[in-house]
Amino acid sequence: MIAYAPRVSTTRTYRTCPLCEATCGLAIDLGGDDGREVRGVRGDEADPFSRGYLCPKAYGLKALHEDPDRLRMPLVRGTDGELHEASWDDAFAVTLERLGAIKAKHGADAIAVYLGNPSAHSLDAMIYGQVFLRTLGSKQRYSASSADQLPKMVTAALMFGGALTIPVPDLDRTQHLLVLGANPLASNGSLTTAPDVSGRLDQLRARGGTIVVVDPRRTESAERADEHVAIRPGGDAAFLLAIVHVLFAEGLVRLGACEGRVRGLDEVKAIAARFAPERVAARTGIDAAIIRRLARAHAAAPAAACYGRIGTTCQEFGTLASWAVDLVNVLTGNLDRAGGAMFTTPAAMTGRNRKRSDARFGRFVSKVKGLPEMFGELPVAALADEIESSDEARPRAIVTIAGNPLVSAPGAGRMARAFAALEFRVAVDPYVNATTRLADVILPPPSPLERSHYDVALYQLAVRNVARYSAPTFAPTPGRPAEWEILLTLAKGMMGMAAAPLAMADDFAVRELVARELADLTEAGTPAPVDAAGALAALGARRGPARVVDALLRLGPYGDGFGARPGGLTLDVLERDHPHGIDLGALEPRLPGLLRTGDGLVDLAPALVVDDLPRLEAALDVAPPDLVLVGRRDLRSNTSWMHNLTPLIKGPDRCTLRVHPTDAARLGLADGGSARVTSRAGEVVAPVEVSDELRPGVVSLPHGFGHDLPGVRMGVARAHAGVNVNLVSDEAFVDVPSGNAAFNGVPVTIVPS
Ligand SMILES: Nc1nc2c(c(=O)[nH]1)N[C@H]1C(S)=C(S)[C@@H](COP(=O)(O)OP(=O)(O)OC[C@H]3O[C@@H](n4cnc5c(=O)[nH]c(N)nc54)[C@H](O)[C@@H]3O)O[C@H]1N2
Ligand SMILES: Nc1nc2c(c(=O)[nH]1)N[C@H]1C(S)=C(S)[C@@H](COP(=O)(O)OP(=O)(O)OC[C@H]3O[C@@H](n4cnc5c(=O)[nH]c(N)nc54)[C@H](O)[C@@H]3O)O[C@H]1N2
Ligand code: SF4
Ligand SMILES: [Mo]
């Protein structure tokens, strides 16, 4: 008898890491009897974009795939009030019956939807989440955007015409980088997709360039810079307008590529005249002389980029600050030039040929505070208000998709009460966490390793033009729907077509999406190469999001145009010929063709933005609060949901309140002691870490913690529970024009505890 040894060989597969915006290429070694074991995760040296780089979170993919707490089957709340495992058929049936009844009785707006951050990293959720939203037809739409980059989307839409027409710093060619409110060494970059941002910053300095970091905390990124400017939280708009003041006053304004392509220049000049460096010095905490020097240095650099992130968007003056970032780019001649702030030319995106501007706001308003709709959504800071309103058409149910608003949204305590008061809650989510523990049904998507992946969103903001497709590393487990199938099942069910085959619904959804793209083309005056039916036939046997990516690639600037440009990119070509991805070159100037502002000009002084200036000017004359809270990110985490992965969470407690020594002394706080932090919205008690990296008067606490609530089924995270800073963040403290949450600069009082 011959005994066969079990298979011990390993197979190397490649895929893009979906865990942050950097999109690193990974080489994943598989082994085990059935080849379904992850043996190793490495950076893919052959990836033309990430060139072997990876961060510690990549190893978390194995832990995530294997995490016993990650749900494999749906949970449905039983008559005993507890969540129990259920079959997919039963879970879908309960969901559709309850949502259908609420919609029938109260209308579609009675069902709120919240789309969380990982939906930007899940191809399935990004594409089919939109399909679900469209078929549901509810105006009660929310997302993590309004707890993140909404102000930037608003100013991009107003200035350039597209919500994602956001300039990215051309990191690889710039000679001067002014960073405000971003810590790319921890976050790995955001609204700027740049794997190995740390290496790219080193190269910037190695070629003689300079980096200035403006941040109330001396962050990892500030340590790496030539200069750190410890701004007072919320001071960025005033600081940048003072820079613009100096540019005008000293005759340093140059429009470069924007020459003859702007409107509102005189208005900006008049506005800037009101922001002399001396006037803003107190509010910004930055000496007038420093502001003048930084303005001159920026204007003198051969190529410079101004870049702002969370510290400039999630704050009281987020829209003004986001606008002022791009004013500096335009007025120093750096917009749309190599080494300045440029626009990516992505290979696949929806709405590429759309001509009308995205900037149509306020088509409806929130019921309680009258906040305007932005890009079809209401701000998450208004969600609890809406649920708790007495309006007949208030939300009675919520569907959260890849979101954890009870941890991540401001005013988390009130949000928890509002959620508890709903009639029905559904979550599309792999974990039972702070939010989903309240759900009536949880529908878990499969592991990231069981899906296809293409970064449709993030490649729109990359520092090079790139394309990379990842096929599923592991075949999906039979009987478990893909995330797109979960969302499409909900979508067709809400259309009253629960019995229709999924394949038919998919054909319908994809035909609609392709037809919209083709209609945009025709409207733009380009003859469409095919009709929607022809496109569907040409797309062949692929189903789900991969088919959509193929369609978008083929209609894109490098695509085969469905036969119009033979030899062009298709998903087949990408998959077969470029398993490590394809580099499509450095960023190229894109003005004026990119502009969708109606008159084809960059609008330097949009009314929505300018109208908010009196609020900023009023703040210049008021003494700032004594103590304010800001956020903090750590390289080994991402928002609230990676704390259950042992390799990423082990080590010292990270959820600490960092306090400057002088503040610690006057407040009576000791390193290792504990402090009670109180705001209008609520309070938390957190361990104290005394650190001189903070600007005095500023304390910092990371978000994403507080995993010890009853019902949370995340054993590892529970052991590192931490506290939820958003119990202190105030849902009433927002960037007024956009309604975006102001997590940074929250006034607090602190006592030893
Ligand atoms: N105080 C403070 N609060 C903040 C911030 C801050 O800086 N300070 N930052 C804000 C920012 S920038 C953001 S983006 C938001 C994030 O806010 P959210 O998007 O609401 O929260 P996350 O913590 O990212 O939660 C993601 C959820 O998605 C689930 N999930 C993970 N992968 C998948 C998947 O593939 N599919 C599905 N369906 N679910 C998945 C996780 O289990 C988790 O429940 O938080 C904001 N909150
Ligand atoms: N490792 C890791 N990576 C992540 C995430 C994560 O949680 N962990 N989250 C991801 C997400 S959802 C996002 S949106 C991005 C965010 O990416 P980044 O914006 O780069 O990340 P943060 O670390 O939040 O940086 C914000 C900085 O703003 C500073 N700040 C606070 N208030 C102000 C202010 O008023 N003015 C100025 N100038 N600075 C201020 C803070 O001290 C902080 O250093 O990161 C993504 N990547
Ligand atoms: S930086 Fe880390 S988490 Fe982000 S894509 Fe790269 S390996 Fe993944
Ligand atoms: Mo974010």
Side-chain angles (χ1 to χ4, degrees), residues 15-26 41-44 47 49-50 52-61 116-118 120-121 143-150 152 178-198 213-222 229-240 284-286 307-318 321 325 408 448 455 458 628-643 648 654 658 693-695 698-700 702-704 742-746:
R15 69 178 298 124
T16 307
C17 175
L19 299 181
C20 90
E21 296 179 46
T23 72
C24 300
L26 303 180
V41 179
R42 264 169 260 276
D44 178 3
D47 183 298
F49 198 26
S50 62
Y53 178 82
L54 85 180
C55 86
K57 282 193 294 304
Y59 300 106
L61 266 182
N117 170 276
H121 302 267
S143 78
S145 288
S146 54
D148 187 344
Q149 80 287 358
L150 183 59
K152 194 75 208 172
L178 176 60
V179 178
L180 301 103
N183 185 12
L185 260 57
S187 69
N188 278 308
S190 181
L191 296 185
T192 291
T193 283
D196 190 14
V197 68
S198 160
V213 171
V214 179
D215 196 303
R217 183 166 76 90
R218 194 175 66 245
T219 60
E220 297 85 336
S221 305
V229 180
I231 196 168
R232 202 187 279 282
D236 303 80
F239 165 73
L240 290 167
T284 59
I286 307 173
Y307 165 68
R309 205 48 201 94
I310 285 293
T312 58
T313 56
C314 291
Q315 58 134 297
E316 186 176 11
F317 300 108
V325 163
S408 296
D455 278 301
L458 305 178
V628 295
L629 175 68
V630 300
R632 186 168 85 230
R633 281 176 159 78
D634 181 276
L635 182 61
R636 287 157 304 154
S637 173
N638 202 319
T639 54
S640 74
W641 69 277
M642 289 182 198
H643 298 155
L648 300 186
R654 258 181 252 162
R658 289 199 189 152
E693 70 188 24
L694 282 148
R695 186 192 158 85
V698 181
V699 297
S700 123
H703 77 288
F743 295 117
N744 295 294
V746 180

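In listed order, ligands and their atoms are each counted from 1. What's counted below: heavy atoms across the whole structure, side chains too, no hydrogens, waters or symmetry copies. All of these numbers come straight from a predicted model, not from anything done at the bench.
- Atom OH of Y53 has more than 12 heavy atoms from other residues, nucleotides or ligands within 6.0 Å.
- When all heavy atoms of K152 and L191 are compared, the closest pair comes out as CG-CD1, 4.0 Å.
- Set against the non-hydrogen atoms of P233, the atoms of ligand 2 under 4.0 Å away are 34 (C), 35 (O).
- Within the structure, the closest approach of G745 to ligand 2 does not fall below 4.0 Å when heavy atoms are considered.
- Residue, atom and distance of the protein heavy atom nearest to atom 43 (C) of ligand 2 are D215 OD2, 3.3 Å.
- For the pair F239 and L180, the minimum side-chain heavy-atom distance is below 4.5 Å.
- Among protein heavy atoms, atom 45 (O) of ligand 2 sits closest to S187 CB, 3.2 Å.
- Nearest to atom 1 (S) of ligand 3 by heavy atom, out of L458, D196, N188, is N188.
- K57 CE, 3.4 Å is the protein heavy atom nearest to atom 3 (S) of ligand 3.
- Protein heavy atom closest to atom 40 (C) of ligand 2, with residue, atom name and distance, is P216 CD, 3.3 Å.
- Nearest non-hydrogen protein atom to atom 4 (Fe) of ligand 3 is C20 SG, 2.3 Å.
- At least one N/O-N/O distance between G234 and ligand 2 falls below 3.5 Å.
- The nearest heavy-atom contact from the protein to atom 12 (S) of ligand 2 is N117 ND2, 3.4 Å.
- At a heavy-atom cutoff of 4.0 Å, ligand 2 is contacted by no atom of Q149, backbone or side chain.
- When all heavy atoms are compared, the tightest approach of P18 to H121 is O-CB, 3.3 Å.
- Ligand 3 places these atoms under 4.0 Å from at least one heavy atom of L19: 3 (S).
- Closest approach of L635 to P56, counting heavy atoms only: CD2-CD, 3.8 Å.
- By the 3.5 Å distance cut-off applied to N or O atoms, V630 is not counted among the residues near ligand 2.
- In this structure, the protein non-hydrogen atom closest to atom 2 (Fe) of ligand 3 is C55 SG, 2.3 Å.
- Given atom 2 (C) of ligand 2, the protein heavy atom at minimum distance is S637 O, 3.0 Å.
- The side-chain heavy atoms of H703 and T639, taken from C-beta on, include a pair separated by under 4.5 Å.
- Every heavy atom of T312 sits 4.0 Å or more from the atoms of ligand 2.
- Selection from D634, D236, D148 by nearest heavy atom to atom 38 (N) of ligand 2 gives D236.
- Close contacts of ligand 2 with I231, meaning ligand atoms under 4.0 Å from a residue heavy atom, involve 36 (N), 37 (C), 38 (N).
- The pair D215-R217 does not meet the salt-bridge criterion, since no charged nitrogen lies less than 4.0 angstrom from a carboxylate oxygen.
- Between L635 and ligand 2, at least one pair of N/O atoms sits closer than 3.5 Å.
- Under the 3.5 Å distance criterion, with hydrogens and angles disregarded, no donor-acceptor pair is assigned to the side chains of N188 and E21.
- Polar contact check, T639 against ligand 2: a nitrogen or oxygen pair lies under 3.5 Å apart.
- Heavy-atom minimum distance, V630 versus P233: CG1-CG, 3.7 Å.
- Among the atoms of C17, none of the N, O or S atoms falls under 2.8 Å from atom 2 (Fe) of ligand 3.
- A distance of 13.5 Å separates OG of S221 from CZ of R309, quoted to the nearest 0.5 Å.
- Counting the atoms of ligand 2 from 1 in the order shown, those under 4.0 Å from a heavy atom of N744 are 31 (C), 32 (N).
- Shortest contact from atom 34 (C) of ligand 2 to any protein heavy atom: G311 O, 3.2 Å.
- Checked by distance only, ligand 2 and A186 come closer than 3.5 Å through their nitrogen or oxygen atoms.
- Near A58, with a cut-off below 4.0 Å to any heavy atom, the atoms of ligand 3 are 7 (S).
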Please test Q149 against T313 for side-chain hydrogen bond (donor to acceptor under 3.5 Å, both in side chains), starting from the C-alpha separation and ending with a verdict. CA-CA 6 Å; Q149 80 287 358; T313 56; over 6 Å; no
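- Shortest contact from atom 6 (Fe) of ligand 3 to any protein heavy atom: C24 SG, 2.3 Å.
- Using a 4.0 Å cut-off between heavy atoms, I310 contacts ligand 2 through both its backbone and its side chain.
- Inclusion of N183 in the set of residues having an N or O under 3.5 Å from an N or O of ligand 2 is warranted.
- Any N or O atom pair closer than 3.5 Å counts here, and N188 shares no such pair with ligand 2.
- Between L54 and G43, the shortest heavy-atom contact is CD1-N, 3.5 Å.
- Atom 13 (C) of ligand 2 has its nearest heavy-atom neighbour, among R632, R633, R695, in R633.
- Side-chain contact between T193 and F49 is present, with heavy atoms from C-beta onward closer than 4.5 Å.
- When atom types are taken as modelled, the side chain of N744 and the backbone of G631 share a donor-acceptor pair closer than 3.5 angstrom.
- Of the candidates A237, G704, S190, G181, the one placing a heavy atom closest to atom 26 (C) of ligand 2 is G181.
- Taking the side chain as every heavy atom from C-beta outward, H643 and S637 approach each other to under 4.5 Å.
- For the atom pair C24 SG and D196 CG, the distance stands at 8.0 Å (nearest 0.5 Å).
- When all heavy atoms of S700 and R632 are compared, the closest pair comes out as OG-NH1, 2.8 Å.
- In this structure, D47 contributes its side chain and S50 its backbone to a donor-acceptor pair below 3.5 Å.
- Those atoms of ligand 2 that come under 4.0 Å of a heavy atom in T219, given as number and element, are 44 (O).
- Near T23, the atoms of ligand 3 lying under 4.0 angstrom from a non-hydrogen atom of the residue are 5 (S).
- Taken to the nearest 0.5 Å, the SG atom of C55 stands 9.0 Å off from the CG atom of N638.
- Backbone and side-chain nitrogen or oxygen atoms of N638 are examined, and one is located within less than 3.5 angstrom of a nitrogen or oxygen of ligand 2.
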